[in-house]
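Working notes for the structure below.
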Amino acid sequence: TNARIVLVTSAEAWNHILMKSPPEGFGQLIVLEVAFTFCRSCRAFERKFKRLAEEFKAVRFVQLMGNSTIGSMELCTKELLVRKSPAFFIFRRGGEKLAQWTGTNTNTFQEELNRCLQLVGEPQVGVTEVA
């Protein structure tokens, strides 16, 4: 991962990001990717996820490895109710869930993110294909 993506391993760490006001340069939206170390498509999507994080600079990108700790496993299964991976969620700071989907379709990712940016009144990012 790079500086644009924050890794969380517990519900506490996730709630901290979700509830605090955005750092300088970030807006209202947080994208959470729930991945698992044994998930092939999660690993395959990693480069695209990094590229999307570079593209959507005002959005905080967070990654949760669902099987890294007991806490992260509980967050996945009990709170987020993840059944398939990778699973993506878009939250507004403060905790409101705006979107969720699964799978590695980049177009879906960009469409959902731009729809949520529009919803919170923040500028959308030029819809360009991420190879």
Side-chain angles (χ1 to χ4, degrees):
T1 49
N2 59 12
R4 300 221 40 94
I5 300 170
V6 179
L7 253 126
V8 293
T9 55
S10 70
E12 294 77 38
W14 165 241
N15 286 322
H16 178 72
I17 292 171
L18 197 54
M19 294 305 170
K20 71 176 194 164
S21 52
E24 189 68 36
F26 287 95
Q28 286 301 305
L29 297 186
I30 301 169
V31 171
L32 174 66
E33 177 190 22
V34 177
F36 293 89
T37 52
F38 54 78
C39 164
R40 270 205 198 104
S41 47
C42 298
R43 284 199 299 273
F45 193 72
E46 187 131 338
R47 284 212 337 266
K48 284 182 182 171
F49 193 63
K50 284 179 183 168
R51 216 170 308 161
L52 286 157
E54 292 295 336
E55 205 177 315
F56 289 86
K57 289 197 185 313
V59 176
R60 170 55 88 200
F61 276 60
V62 178
Q63 191 177 49
L64 171 71
M65 251 336 139
N67 57 331
S68 60
T69 64
I70 290 168
S72 63
M73 195 55 127
E74 285 190 348
L75 177 58
C76 282
T77 55
K78 295 201 172 90
E79 273 187 57
L80 299 167
L81 307 176
V82 172
R83 300 277 173 265
K84 283 172 69 181
S85 62
F88 298 97
F89 300 85
I90 299 176
F91 286 89
R92 184 199 296 255
R93 285 179 193 274
E96 184 192 359
K97 183 169 67 176
L98 301 176
Q100 76 179 89
W101 70 95
T102 58
T104 59
N105 185 318
T106 311
N107 288 338
T108 303
F109 194 105
Q110 290 171 313
E111 282 163 19
E112 286 294 336
L113 200 40
N114 273 321
R115 184 180 65 78
C116 291
L117 282 165
Q118 196 174 16
L119 205 65
V120 298
E122 291 179 16
Q124 296 183 50
V125 173
V127 185
T128 53
E129 184 54 44
V130 177

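Since the structure is predicted, the reported quantities are computational estimates derived from the model, not experimental observations. Note that the numbering runs from 1 along the sequence shown for the chain.
In this structure, Asn114 and Val125 approach most closely via the heavy-atom pair OD1-N, 2.8 Å. Nearest approach of Phe36 to Cys42, heavy atoms of both residues: N-SG, 3.8 Å. Closest of all the heavy-atom pairs between Thr37 and Arg43 is O-NH1, 2.6 Å. Pairing each heavy atom of Pro86 with each of Ser41, the nearest pair is CD-OG, 3.7 Å. Shortest non-hydrogen contact noted between Leu64 and Val8 is CD1-O, 3.2 Å.
Counting only residues at least two apart or in different chains, ring pair (Phe, Tyr, Trp, His ring centres under 6.0 Å) contacts with residues 74-99 comprise Trp14-Phe91, Phe45-Phe88, Phe88-Trp101, Phe88-Phe109. Note on residues 21-34: pairs passing side-chain hydrogen bond (donor to acceptor under 3.5 Å, both in side chains), not counting sequence neighbours, are Glu33-Gln63. Here salt bridge (charged side-chain N to carboxylate O under 4.0 Å, His left out) pairs that include residues 90-105, with residues two or more places apart or in two chains, are Arg92-Glu96.
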Practice task
List the steps and the verdict of side-chain contact (heavy atoms from CB on, under 4.5 Å) for Leu80 and Leu32.
Solution key: CA-CA 10 Å; Leu80 299 167; Leu32 174 66; 3.6 Å; yes
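To the nearest 0.5 angstrom, Leu98 atom CG is 7.5 Å from Arg115 atom CZ. Here the CZ-CD1 distance, from Arg60 to Ile30, works out to 8.5 Å after rounding to the nearest 0.5 Å. How far CD1 of Ile5 is from CD of Glu46: 7.0 Å, rounded to the nearest 0.5 Å.
Side chains of Glu112 and Gln100: a donor-acceptor N/O pair is absent below 3.5 angstrom, by distance only.
Other residues, nucleotides and ligands contribute only 12 or fewer heavy atoms inside 6.0 Å of the CD1 atom of Ile70. By the neighbour-count criterion of 12 heavy atoms within 6.0 Å, atom CZ of Arg47 is sparsely surrounded, having that number or fewer from other residues, nucleotides or ligands. Heavy atoms of other residues, nucleotides or ligands lying less than 6.0 angstrom from NZ of Lys57 number more than 12.
A donor-acceptor pair is defined here as one N or O able to donate and one able to accept, closer than 3.5 Å; such a pair exists between the side chain of Ser72 and the backbone of Met65.
In this structure, Ser68 and Met73 have side chains that are not in contact, with every pair of non-hydrogen atoms separated by 4.5 Å or more. Counting heavy atoms from C-beta outward, Ile17 and Val62 have side chains that approach closer than 4.5 Å. With contacts defined as side-chain heavy-atom distances shorter than 4.5 Å, the pair Leu113/Val59 qualifies. In this structure, the side chains of Val31 and Leu52 stay at 4.5 Å or more apart for every pair of heavy atoms.
Remark: of the listed residues Arg4, Gln110, Lys50, Gln110 is the sole one forming a side chain to side chain donor-acceptor pair (under 3.5 Å) with Glu55.
Hydrophobic clustering keeps Leu7 apart from Phe26 (ILVMFWY residues linked when any side-chain heavy atoms are closer than 4.5 Å, directly or through intermediates). Phe38 and Leu75 fall within the same hydrophobic cluster, defined by Ile, Leu, Val, Met, Phe, Trp and Tyr side-chain heavy atoms under 4.5 Å apart, directly or through other members.
Between Arg51 and Glu54 there is no salt bridge, since no side-chain N of the basic residue sits under 4.0 Å from a carboxylate O of the acidic one.
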